[in-house]
Amino acid sequence: MRPGEGFDVERLREPAEAVAAYLAAVRPMPPGIERVALADAFGRVLAQDAVAEAFYPADARSTMDGFAVRSTDGTALRRIAGTIRMGAAPPGPVHVGEAMRIPTGGVLPPGADAVVPLENVRDDGESIAVDAAPAAGDSFTPRGDDMRPGDRIVGAGCRIAAPELSVLATLGIVDVPVFVRPRIAVVSTGDELVDAAEHPGTGQVRDSNRWAIAGSLLAMGCTVVHLPRAVDEEDAIAARIADGLAGADAVVLTGGSSVGARDHVPAAIARLGAPGIVVHGLKVKPGKPTVLAAIGARPVLGLPGNPTSALMILEAVAAPIVRALTGERHAAVRRIATVAAAPFGGRPGWTWYVPAAVGADGARPLVLRSSHTSLLARAGGYVVVGPESSRIESGAAVTVLGFGGR
Ligand SMILES: Nc1nc2c(c(=O)[nH]1)N[C@H]1C(S)=C(S)[C@@H](COP(=O)(O)OP(=O)(O)OC[C@H]3O[C@@H](n4cnc5c(N)ncnc54)[C@H](O)[C@@H]3O)O[C@H]1N2
Ligand code: MOO
């Protein structure tokens, strides 16, 4: 579509279908794999499966402070034959009629098949008595109960958080293979923009989009490269995109994506190389004028200038493209399952991303003003309405999706 042609509703694409087609055509990939120390692995995306190479625990281990015993001795008095130390092999086997002191986590000695907790024995220092016969398997973890050789515990593409750090440390994976963070160049376009530190004159606005977009990209695990703003001229925008592609794995622009006389992003992208624009115009609100493009396998995303639209499209539509670059397989998105406290309206056949406030009685739609910057800060998240059904009735179950990083 050329600037000035206008949007033909028939040619607008359904967002999920458009992104799937984009990913199939462009195949964006993480820029590489690197190894980082465990101390630096939090938040990174694992690049190779973490597979157990041995039995964890390597030996049966007590889950109680108590005595290791043979269950077949029943309720007979047991002679205390020794003490098991933490971090050491048992001093010997437990023979018939014997018991051995064992701490929580201590290695079960040969012969023993149960642990009796301290509070369930009478201990005279020489021997122990029990009221109830222990059952085989009581109060210990068998060898390999946690992980067995070949178990794939954390898959490639998983974002490393606290539980994954625990597994990596247990498996001794201290040089962790992770995907290199993609570098994403962020460009704001618009003659009216001034820096956040400047005082806007009449008709000018502070450039907020680059900070919203940067925040969302950081939350997705990217390295953000801020490029200077571009004025609303095709040459300036094309030069800025070329700068971005020279030093980054993708470029995200905001503004100038629509069909006005000053909207030059589509034309600037189109002249930089193949495949160029893959999608221009989505059957969504907000964010209809979105441009999904690429130069080679490097994404160039043209988000609408309206602040709510720009952030919403990055989070609700373009996130799978960013995740293809970070290597993350599953979205780390906060979801609140609640009910609609008031109806959510949409438009038949369209996908609407409706900012919502979440209260004790459920989620309420906020009035969509895509030019506002306060709207998403006031919202607890957003609700997707459509494309199948264009209305969510009061009382119906809804999922409120959170914005990057909160
Ligand atoms: N004739 C039509 N006009 C418009 C259509 C349409 O289909 N036909 N779509 C509308 C929709 S929907 C949107 S969204 C906007 C998107 O327009 P652009 O992507 O070309 O964005 P701009 O015109 O450059 O800016 C729109 C608005 O956003 C403000 N803005 C831009 N960049 C920033 C920034 N970095 N920080 C803060 N605010 C920013 C800008 O000042 C404008 O107010 O087009 C509609 N028009
Ligand atoms: O639908 Mo645009 O994205 O006005 O805001």
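Read the numbers this way: they start at 1 and go in the same order the structure lists the ligands and their atoms. From a predicted model like this one, the values you see are computed outputs, not experimental measurements.
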#### Entry: side chain to side chain donor-acceptor pair (under 3.5 Å) evaluation trace for S371 with N306
CA-CA 5 Å; S371 58; N306 275 327; 4.9 Å; no
### Message
For atom 41 (O) of ligand 1, what's the nearest protein heavy-atom neighbour? Residue, atom name and distance, please.
### Response
E192 OE2, 2.6 Å
### Task
Output yes when R364 and D361 qualify as a salt bridge under the 4.0 Å nitrogen-oxygen rule, no when they do not.
yes
### Query
Using heavy atoms and a threshold below 4.0 Å, how should the contact between N306 and ligand 1 be classified: side chain, backbone, both, or neither?
both
### Message
For N209 and S188, which I'm curious about, is there any donor-acceptor pair between the side chains at under 3.5 Å?
### Response
no
### Query
Does E315 use its side chain to pair, donor to acceptor, with the backbone of M312 at less than 3.5 Å?
no
### R159, R323, R44 screened by salt bridge (Lys or Arg N to Asp or Glu O under 4.0 Å) with E328, the one that passes
R159
### SB check D151 R148 (cutoff 4.0 Å)
no
### Task
Consider every N or O of R210 and every N or O of ligand 1, then say whether any pair is closer than 3.5 Å.
no
### Message
Assess whether a salt bridge exists between D235 and R240, defined as any Lys/Arg side-chain N lying under 4.0 Å from an Asp/Glu carboxylate O.
### Response
no
### Query
Just heavy atoms, cut-off under 4.0 Å: does D263 contact ligand 1 by side chain, backbone, both, or neither?
side chain
### Shortest protein contact, atom 4 (O) of ligand 2 (heavy atom only)
S370 OG, 3.0 Å
#### Entry: NZ/NE/NH1/NH2 to OD/OE distance under 4.0 Å, R122 and D131
yes
#### Entry: Proximal atoms of ligand 2 relative to P286 (non-hydrogen, under 4.0 Å)
1 (O), 3 (O), 5 (O)
### Query
Is it true that R101 and D123 have a side-chain N and a carboxylate O under 4.0 angstrom from each other?
yes
### Query
Under 3.5 Å between some N or O of ligand 1 and some N or O of G256?
yes
### Task
Between P304 and ligand 1, find which residue part has any heavy-atom pair under 4.0 Å and reply side chain, backbone, both or neither.
both
### Residue, atom name and distance, where the atom is the protein heavy atom closest to atom 35 (N) of ligand 1
D207 OD1, 2.8 Å
### Query
Do K285 and ligand 2 have an N or O pair less than 3.5 Å apart?
no
### Task
Record the part of S309 in heavy-atom contact with ligand 1 below 4.0 Å; permitted values are side chain, backbone, both and neither.
side chain
#### Entry: Atom indices of ligand 2, in the order listed, that fall short of 4.0 Å to a heavy atom of S309
2 (Mo), 3 (O), 5 (O)
### Task
Classify the contact between D232 and ligand 1 as side chain, backbone, both or neither, using a heavy-atom distance cut-off of under 4.0 Å.
neither
#### Entry: Proximity flag S370 to ligand 1, non-hydrogen atoms under 4.0 Å
no
#### Entry: Aromatic ring pairing Y353/Y382, orientation class (parallel under 30°, perpendicular over 60°, tilted between)
perpendicular
#### Entry: Heavy-atom gap S371 to ligand 1 smaller than 4.0 Å
no
### Task
Heavy-atom contacts with N306 under 4.0 Å: which atoms of ligand 2 show up? List them by number with element.
4 (O), 5 (O)
### P289, portion touching ligand 1 at heavy-atom distance under 4.0 Å
side chain
### Query
Can the positive tip of R143 be found less than 6.0 Å from the middle of the six-membered ring of F55, inside 45° of the ring normal?
yes
### Query
Between G287 and ligand 2, is there a nitrogen or oxygen pair with a distance under 3.5 Å?
yes
### Query
Does R229 come within less than 4.0 Å of ligand 1, judged by its heavy atoms?
no
## Note on the structure
When distances are taken from atom 39 (C) of ligand 1, the protein heavy atom at minimum range is G305 O, 3.5 Å
### Message
Does R369 have more than 12 heavy atoms from other residues, nucleotides or ligands lying within 6.0 Å of its CZ?
### Response
no
### Query
Counting N and O atoms only, with roles assigned by atom type, does the side chain of D49 sit under 3.5 Å from a partner on the main chain of G155, one being a donor and the other an acceptor?
no
### Task
For G190 and ligand 1, answer yes if some heavy atom of the residue is under 4.0 Å from a ligand atom, otherwise no.
no
### Summary
shortest atom 19 (O) of ligand 1-to-protein heavy-atom contact is with S257 OG, 2.6 Å
### Query
Given P286, G302, S258, S208, which one has a non-hydrogen atom that is nearest to atom 36 (N) of ligand 1?
S208
### Query
How close does the nearest protein non-hydrogen atom get to atom 34 (C) of ligand 1, and which residue and atom is it?
N209 ND2, 3.2 Å
